[in-house]
Amino acid sequence: MPDTPGDRSTGQVTVDLKQLRYFDAVAETCHFGRAAERLHLAQPALSQAVRRLEAELGVRLLARTTRQVQLTPAGEFFHREVRRILGELDASVLGAKSIAEGSRGLLRVGFTGTSAFTQLSRLSRMVRSSLPGVVLEVQADLLTPAQVDRLLDGRLDLGVLRGPVAEAGIETRTLLQEPMVLALPADHRLVPESALEVVDVSADEFVAYADERSAVNEAVVSSCRRAGFSPDITHRAPGTAALLALVAAGLGVALVPQSVRSMHLTGVVFRDVAGANSIDLSLAWRADESSALVSGALDVLDHHGFFTTASNTSELA
């Protein structure tokens, strides 16, 4: 004989959500009349629905007399489980709606170099003040090319990176422009000088980032060529901390964004330098982004003034 819904010999029962809510109302009030009023339902229909539930379960849930209705021991247990199930279901519905509306969920944000020092606190406070249900996942010290790759393949939602970004499918808004500064070994010949120009390091070896697509590398090469020479890049580093360690070891000089000054490393001296390019710091996201969470976060950041004029460098102080 084939199994049918409600065949208790197989342990399978068919109970719908409406039956659970009907039973919950009766169990809460221990009164069919008051439960029916709460549910805006005729009392006979409610009584029949609960009886069908008991029949489906094969369990007596309520002890009925002409004067009162009481839960049986099985009914007390079943009511506790029904309350738990309904609570979890309601929470799931609210959670799904919140995610669809962009007020809850996981927002993955990447930061290049030292931008986390200057921008993470601002971004986090703005988002969490307006979207307290959003959890931030921070992916720090990612060069711009790595962030672009992660944005495009969905591993990042937003990226604080160095512009401009030429890849199709990525939108950006400028946060600020940073001047480039010289990072010199502490014993370098130019440290005592009162004023420096890019051409002053034309004979030096340079340390640069390992990813040749780096926007900082492009700014370095452009600055040097404008000063009349091509930089002799002899060492490359995967990130800012490693780059500064190479400078401290005396293996070369580097042109870096001014915010790198926030990384204090023994053996490295930062100096202002005339003739160097400035470099943009931008917020990036996927151009075809469909997530309400990302759209909501962008609206919050815009509303709170996260996007500043390109000439504003006050955040670097």
Side-chain angles (χ1 to χ4, degrees), residues 111-119 140-148 160-166 174-282 310-311 313 315-317:
F111 292 87
T112 185
T114 55
S115 65
F117 297 139
T118 61
Q119 304 300 320
D141 204 15
L142 292 175
L143 297 182
T144 292
Q147 288 198 54
V148 170
V160 179
L161 45 71
R162 303 291 176 188
V165 175
T174 300
L175 302 178
L176 51 87
Q177 283 188 328
E178 292 186 56
M180 303 282 281
V181 298
L182 266 176
L184 302 171
D187 60 355
H188 194 275
R189 69 185 188 284
L190 295 177
V191 169
E193 298 295 324
S194 58
L196 296 177
E197 298 181 5
V198 173
V199 70
D200 293 332
V201 290
S202 59
D204 286 83
E205 295 180 338
F206 274 70
V207 179
Y209 289 108
D211 195 322
E212 295 184 357
R213 299 174 297 167
S214 163
V216 174
N217 284 359
E218 292 180 6
V220 170
V221 172
S222 176
S223 297
C224 292
R225 287 179 176 170
R226 193 169 62 181
F229 69 98
S230 293
D232 180 16
I233 299 173
T234 56
H235 293 85
R236 294 184 179 273
T240 303
L243 182 146
L244 293 181
L246 291 172
V247 173
L251 297 177
V253 302
L255 278 170
V256 293
Q258 179 173 279
S259 58
V260 175
R261 278 180 156 149
S262 60
M263 298 181 68
H264 302 290
L265 183 66
T266 301
V268 178
V269 175
F270 296 103
R271 296 295 306 276
D272 293 337
V273 58
N277 287 7
S278 60
I279 188 166
D280 289 350
L281 187 68
S282 301
S311 60
T313 59
E315 291 296 334
L316 303 177

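The figures that follow rest on heavy atoms only: side chains count, while hydrogens, waters and symmetry mates do not. All residue numbers refer to positions in the sequence shown, counting from 1.
- For the pair Asp211 (side chain) and Arg213 (backbone), a donor-acceptor distance under 3.5 Å is present.
- Side chain of Gln177 to backbone of Ile279: no donor-acceptor contact under 3.5 angstrom is found.
- Without hydrogens or angle criteria, Asp200 side chain to Glu197 main chain gives a donor-acceptor distance under 3.5 Å.
- Few gaps surround CZ on Arg226; more than 12 heavy atoms of other groups in view lie less than 6.0 Å from it.
- Separation of atoms CD (Glu205) and NE2 (His235) is listed at 7.0 Å; rounding is to 0.5 Å.
- Salt bridge present: Glu178 and Arg162 bring a charged side-chain N and a carboxylate O closer than 4.0 Å.
- The existence of a salt bridge linking Asp204 and Arg189 is confirmed by a sub-4.0 Å separation between a basic side-chain nitrogen and an acidic carboxylate oxygen.
- Between Ser214 atom OG and Arg236 atom CZ the span is 9.0 Å, to the nearest 0.5 Å.
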Just do the side-chain contact (heavy atoms from CB on, under 4.5 Å) check on Met263 and Phe117 with the steps written out, would you? CA-CA 9 Å; Met263 298 181 68; Phe117 297 139; 3.5 Å; yes
Exercise for the section: Verify salt bridge (charged side-chain N to carboxylate O under 4.0 Å, His left out) between Arg261 and Asp272, making sure each step is shown before the conclusion. Expected result: CA-CA 11 Å; Arg261 278 180 156 149; Asp272 293 337; 3.0 Å; yes
Q: Go through the steps to decide whether Ser259 and Thr114 satisfy the test side chain to side chain donor-acceptor pair (under 3.5 Å), and finish with yes or no.
A: CA-CA 6 Å; Ser259 58; Thr114 55; 2.8 Å; yes
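- Within the 3.5 Å criterion, the main-chain N or O of Ala219 finds a donor-acceptor partner in the side chain of Ser223.
- Distance check, rounded to the nearest 0.5 Å: CG of Leu176 to CG of Leu281 gives 5.0 Å.
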- request: Please assess Phe270 against Val256 for the test side-chain contact (heavy atoms from CB on, under 4.5 Å), listing each intermediate value before the final yes or no.
  value: CA-CA 9 Å; Phe270 296 103; Val256 293; 4.2 Å; yes
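- By the side-chain hydrogen bond (donor to acceptor under 3.5 Å, both in side chains) test, Thr240 is found to be paired with Tyr209, residues two or more places apart in sequence or in another chain being considered.
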